[in-house]
Amino acid sequence: MANNPVRVLEIGGHSAGYSGRLFVRSGAEVVRIEPPEMVPSWASDAATNTYLHAGKQRINTQDVRLVGELADKADVVICEASCADQIDSWDFDNFLTPIKVAITPFGRTGPKRNWHATPHVLLAMGGYTHLMGDEDKAPLSLPGHYLEFQTGALAYTVANACLYARPHRDTKDVDIGMLETVMALSQFTVVRWHCTGDVRSRHGSDFWFISPSDLFRCADGWVYLTIVPGFWDPFVVFLQRPELSVDPRFCTNDDRMAHRDVLRNIIAETLVTLSKDRIESRAEACRVPLGAVKTFSEILKDPHLDQRRFWEEIDMHVSATTVRSPGLSFRIDDEVRPSLRLNDTENDHV
Amino acid sequence: MVNGPLNGIKILDLTHVWAGPLAVRFLADLGAEVVRVEAPSSRGPRVFPSSPIGGWMGGVPGDEPWNANAAFNKLMRNRQSFCVDMKQHSGRLAFLQLVAVADVVIENFSARAMPSLNLDYDVLREANPNIIYVTMPGFGSTGIYKDRVAFGPTVEAMSGLTYMFGYGRNQPRNTAMALLDPITATNSAAAVVTALRRRQQTSKGCRVELSLHEGGVAYSGPWLIDEQLGNVPCCIGNRHPGMAPHGVYPCDTEQAGESWIAVACANDHQWSALYLLIDAHGMMLNRSWSLSQRITHHDVVDECLSRWTASQNSQQATTRLQQAGVSAGPVNTAADMVADEQAMARNFFVDYESHGVPMPGNPIKMPELNTHEWTASPDLGADNADILKRWLNYDNRQIQALEEAGVIMNAPPA
């Protein structure tokens with residue numbers, strides 16, 4: 001695709017940034033306009049910019065006319081703003097770009113189109129927060145940029161779908177509300193409430209309908225396991241407690257649910273003295289669904305990710321540092337991950 | 001099939017559980033023609049041992065419980081169903097004939113599944129050199145973890161998210177929401193359109209691979225880079241490194257039942273507005289505190305804010321905070337979400353299924369995408385004949401022969 005690259009103008013925050021990140025890696029030429037006020041990041045600005053904006057040209061301007069001129073020359077514009085009126089303030093509707101995607105917290109219409117919201121607020125309104133955390137404590141919000149990246153991926157998807165159809169279709173105008181992204185990515189909360197009358201609630205780390213499923217402390221950290229019924233027999237082998245397979249308290253998932261605290265203690269006692277490595281090896285050998293809670297330094301050294309050539313190298317330029325960053329979440333055939341460079345703002349001639 | 005930019009694209013959907021079906025739902029909502037290729041027992045047995053997790057459409061299993069699973073139906077709109085036994089020669093042949101005229105085959109089985117059916121990419125490519133084949137094994141098809149059992153929540157632990165999620169240092173939690181599934185779903189939809197664009201320009205099909213593990217790790221990207229820069233990230237509960245106050249606060253504490261509000265002061269201006277609203281004079285707070293001062297004094301800010309929120313319900317508190325210019329919203333349940341005036345004004349929840357079940361809509365809004373065109377989850381095998389005729393030009397006699405041989409059917413095995 002690099003022979004005739006698509007031109008993308010990206011305006012705004014982390015959602016537009018993530019969308020542009022995907023475009024860069026598909027061979028597009030991406031120009032980024034920094035937003036008037038950035039929603040604070042979960043990491044340092046250096047880290048966030050490196051992750052999201054390597055390979056882009058970046059401009060720090062609020063000149064609406066200049067931005068309009070750039071938009072008119074782009075194939076796609078992804079414009080993220082803090083509310084509907086801020087989208088209008090860019091004169092978005094008059095951009096001549098064939099494919100225009102607006103991203104706002106609540107969408108461009110409706111009574112809340114100009115409400116103030118961060119992802120933390122939207123996750124709460126969209127039903128996620130109510131489900132996360134311990135029953136007897138405050139609900140937990142999700143750290144990181146899940147919502148922004150999910151919205152950015154959807155913006156990328158629809159823009160590419162429109163590019164695919166472009167020879168035969170008219171100009172496209174897309175409106176993505178981030179609250180609706182959260183609600184669209186809900187598990188089964190709404191249908192369960194409607195069909196059974198049950199309001200789903202939070203249960204710490206466990207799936208309330210599966211036992212055992214929880215986090216367990218081990219010698220050097222934590223591990224998580226989810227033993228759905230078909231894995232119970234391998235699991236007792238993993239625990240090296242074969243007698244549990246015939247224990248009447250644990251024969252079925254319902255039995256295990258009824259005795260979940262007893263079972264939890266048995267598992268906790270077994271795992272607390274073992275290392276993450278040892279537990280993972282045993283789980284792999286017994287084919288038990290289990291994952292150790294990895295720190296970031298452990299993830300960066302993960303041999304599996306190395307074997308799969310998952311990482312890409314990014315030259316941070318200003319700090320003369322090269323870091324490894326996650327590559328794309330999908331790979332087409334055996335395409336090699338590119339090395340990219342993080343450019344300064346305003347140093348580029350676009 | 002509904003109107004949309006992916007009109008003309010034919011997808012064979014072999015997915016199950018959540019990540020794959022959700023990915024395909026996004027593509028179907030954008031106009032792709034999707035045929036769900038289903039094994040006879042893929043929706044469960046004729047008699048269910050217990051109620052499914054999302055309940056039954058209409059509240060009862062009915063005569064065909066396999067067609068009434070609400071959580072399943074939620075993911076299956078805008079598709080047709082072709083139910084075939086691919087273990088039989090003529091079933092396998094029909095499937096490969098469909099591959100020959102399709103654009104995309106998408107599945108989310110384990111890495112071993114398709115090769116064990118002798119339906120790996122090489123076989124599909126032989127049927128159709130231009131096919132785009134999408135696979136999403138939990139840890140990928142290569143590497144030392146490739147044979148590990150992968151469930152969303154267990155892989156989440158390995159992604160960095162569980163390390164950062166919880167009530168603070170040494171109090172990690174798992175979201176227990178299998179978040180790597182919706183992450184992989186959006187990544188898959190993005191991958192499919194990327195592959196389609198690539199094929200448009202190169203005229204070549206391809207194999208697309210995603211792993212739940214890599215999707216999760218990719219979302220930890222900024223933290224992974226920070227780690228290398230010496231800024232070691234750690235779990236800080238409901239707080240935020242760049243905003244304060246930032247948390248979830250109790251409302252209506254005198255009333256039975258719980259009610260909470262999420263509040264985030266994204267800048268000094270919002271803090272000043274919040275300070276005035278909660279009448280913080282004499283509360284040991286300072287209106288001119290900078291972000292770092294607010295972070296230092298987060299405990300006392302939380303205490304004062306909680307006192308203010310506790311005296312009112314979450315809707316009242318939200319309205320007052322929003323009017324003051326502060327980011328805030330109630331912690332909504334499913335019932336609250338469906339009744340939300342913004343969701344209603346934008347017709348987000350759509351009643352296209354039977355029994356008036358409100359189904360989550362599509363966050364991608366375009367003038368040409370019309371939810372009135374949406375079709376309900378198809379019954380198992382409901383479109384067997386139509387697909388064989390329309391895609392493969394089978395005649396009635398051939399179709400009847402397949403039915404009589406038990407190759408195609410519309411109910412699970414007895």
Side-chain angles (χ1 to χ4, degrees), chain A residues 26 40 43-44 47-48 50-51 110 112 116-118 120-121 124-125 127 129-130 132 138-139 141 143 150 153 156-158 160-162 164-165 174-175 180-181 183-185 188-196 199 205 224 226 289 291 293-294 296 304 307-308 323 326 329-333, chain B residues 5-6 30 54-55 70-71 74 143-145 148-149 151 153-154 157-158 162 164 173-175 182 186-187 189-191 193-194 196 206 208-210 215 217-218 221-222 224-228 231 238 242-243 248 262 264 327 329 331-334 337 342 345-346 348 357 360 363-366:
Chain A
S26 69
S44 67
T48 305
T50 302
Y51 178 72
K112 296 179 181 172
H116 309 272
T118 65
H120 169 64
V121 168
M125 295 179 72
T129 307
H130 179 69
M132 297 187 295
S141 195
Q150 290 285 64
Y156 171 87
T157 298
V158 66
N160 270 284
C162 294
Y164 182 83
V174 182
D175 172 16
E180 291 172 358
T181 301
M183 295 192 297
L185 301 176
F188 46 78
T189 316
V190 170
V191 292
R192 181 178 169 84
W193 162 71
H194 192 274
C195 296
T196 70
V199 175
S205 299
Y224 189 78
T226 311
V293 177
K294 302 282 185 180
F296 295 116
H304 176 73
Q307 270 193 7
R308 285 177 56 78
V323 292
S329 303
F330 54 87
R331 61 188 74 215
I332 295 180
D333 292 335
Chain B
L6 293 182
L30 288 172
K74 188 198 81 157
I144 56 174
Y145 304 159
R148 285 192 183 185
V149 181
F151 284 176
T154 56
M158 301 171 71
T162 305
M164 291 298 285
R173 294 290 183 276
N174 191 285
T175 65
T186 53
N187 286 335
V193 293
T194 306
L196 284 169
C206 59
V208 180
E209 178 172 313
L210 302 95
V217 172
L224 287 159
I225 296 173
D226 245 352
E227 176 84 19
Q228 295 167 76
N231 310 315
N238 277 333
M243 293 187 238
V248 178
S327 302
V331 174
N332 281 335
T333 64
M337 285 155 58
Q342 181 70 7
R346 285 169 65 84
F348 179 72
V357 181
I364 297 168
K365 298 220 178 308
M366 297 168 67

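Sequence lines set the chain letters: A, B, ... in the order given, protein chains first and strands last, and positions in each chain run from 1. No experiment lies behind these values; they were computed from the predicted model shown. The figures that follow rest on heavy atoms only: side chains count, while hydrogens, waters and symmetry mates do not.
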Testing the basics here: between [X] and [Y], what is the closest heavy-atom pair and its distance to 0.1 Å?
| X | Y | value |
| --- | --- | --- |
| A:Cys195 | B:Ala70 | SG-CB, 3.7 Å |
| B:Gly54 | A:Thr196 | O-CG2, 4.2 Å |
| B:Met337 | A:Val190 | CE-CG2, 3.9 Å |
| A:Ala184 | B:Phe348 | N-CZ, 3.7 Å |

For chain A, which candidate among [options] shows the most heavy-atom pairs at distances under 4.5 Å?
| options | value |
| --- | --- |
| B:Val208, B:Leu196, B:Val193 | B:Val193 |
| B:Gly242, B:Ala345, B:Gly329, B:Ala157 | B:Ala157 |
| B:Asn238, B:Thr333, B:Leu210 | B:Asn238 |
| B:Val217, B:Asn231, B:Ile144 | B:Ile144 |
| B:Pro222, B:Ala189, B:Gly55 | B:Pro222 |
| B:Pro360, B:Ser327, B:Ala334, B:Ala264 | B:Ser327 |

Quick one: [atom1] on [X] to [atom2] on [Y], what's the gap to the nearest 0.5 Å?
| X | Y | atom1 | atom2 | answer |
| --- | --- | --- | --- | --- |
| A:Gln150 | B:Asn187 | CD | CG | 7.0 Å |
| A:Ile332 | B:Glu209 | CD1 | CD | 12.0 Å |
| A:Lys294 | B:Met158 | NZ | CE | 5.0 Å |
| A:Thr189 | B:Asn332 | OG1 | CG | 12.0 Å |

Which atoms of [X] are under 4.5 Å from chain B, going by heavy atoms: the side chain, the backbone, both sets, or neither?
| X | value |
| --- | --- |
| A:Val199 | side chain |
| A:Ala161 | both |
| A:Gln307 | side chain |
| A:His120 | both |

*Show your reasoning for whether side-chain contact (heavy atoms from CB on, under 4.5 Å) applies to A:Asp175 and B:Arg346.*
CA-CA 11 Å; A:Asp175 172 16; B:Arg346 285 169 65 84; 3.0 Å; yes

*asked:* Do A:Met125 and B:Gln342 have side chains that approach each other closer than 4.5 Å (heavy atoms only, starting at C-beta)?
replied: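 Heavy-atom side-chain distance check fails, nothing below 4.5 Å.
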
*Would a 4.5 Å heavy-atom cut-off, applied to side chains only, mark B:Leu30 and A:Thr157 as touching?*
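Yes, their side chains come closer than 4.5 Å.
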
Is the side chain of [X] donor-acceptor paired with the backbone N or O of [Y] at a distance under 3.5 Å, no angle test?
| X | Y | result |
| --- | --- | --- |
| A:Tyr51 | B:Ala218 | yes |
| A:Ser205 | B:Asn174 | yes |
| A:Asn160 | B:Ala191 | no |
| A:His304 | B:Tyr145 | yes |

Using a 4.5 angstrom heavy-atom cutoff, name the option from [options] with the most pairs to chain B.
| options | answer |
| --- | --- |
| A:Ser141, A:Gly110, A:Pro143 | A:Pro143 |
| A:Trp193, A:Phe296, A:Tyr156 | A:Phe296 |
| A:Thr50, A:Val121, A:Val158, A:Leu185 | A:Val121 |

*What part of B:Leu224 is in contact with chain A, defined as an atom under 4.5 angstrom from a non-hydrogen atom: side chain, backbone, both or neither?*
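Both backbone and side chain.
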
_B:Asp226/A:Ser44 under side-chain hydrogen bond (donor to acceptor under 3.5 Å, both in side chains): CA gap, chis, key distance, verdict_ = CA-CA 7 Å; B:Asp226 245 352; A:Ser44 67; 2.6 Å; yes

*asked:* Pair B:Thr194, A:Phe330 - check side-chain contact (heavy atoms from CB on, under 4.5 Å), show working.
replied: CA-CA 10 Å; B:Thr194 306; A:Phe330 54 87; 3.7 Å; yes

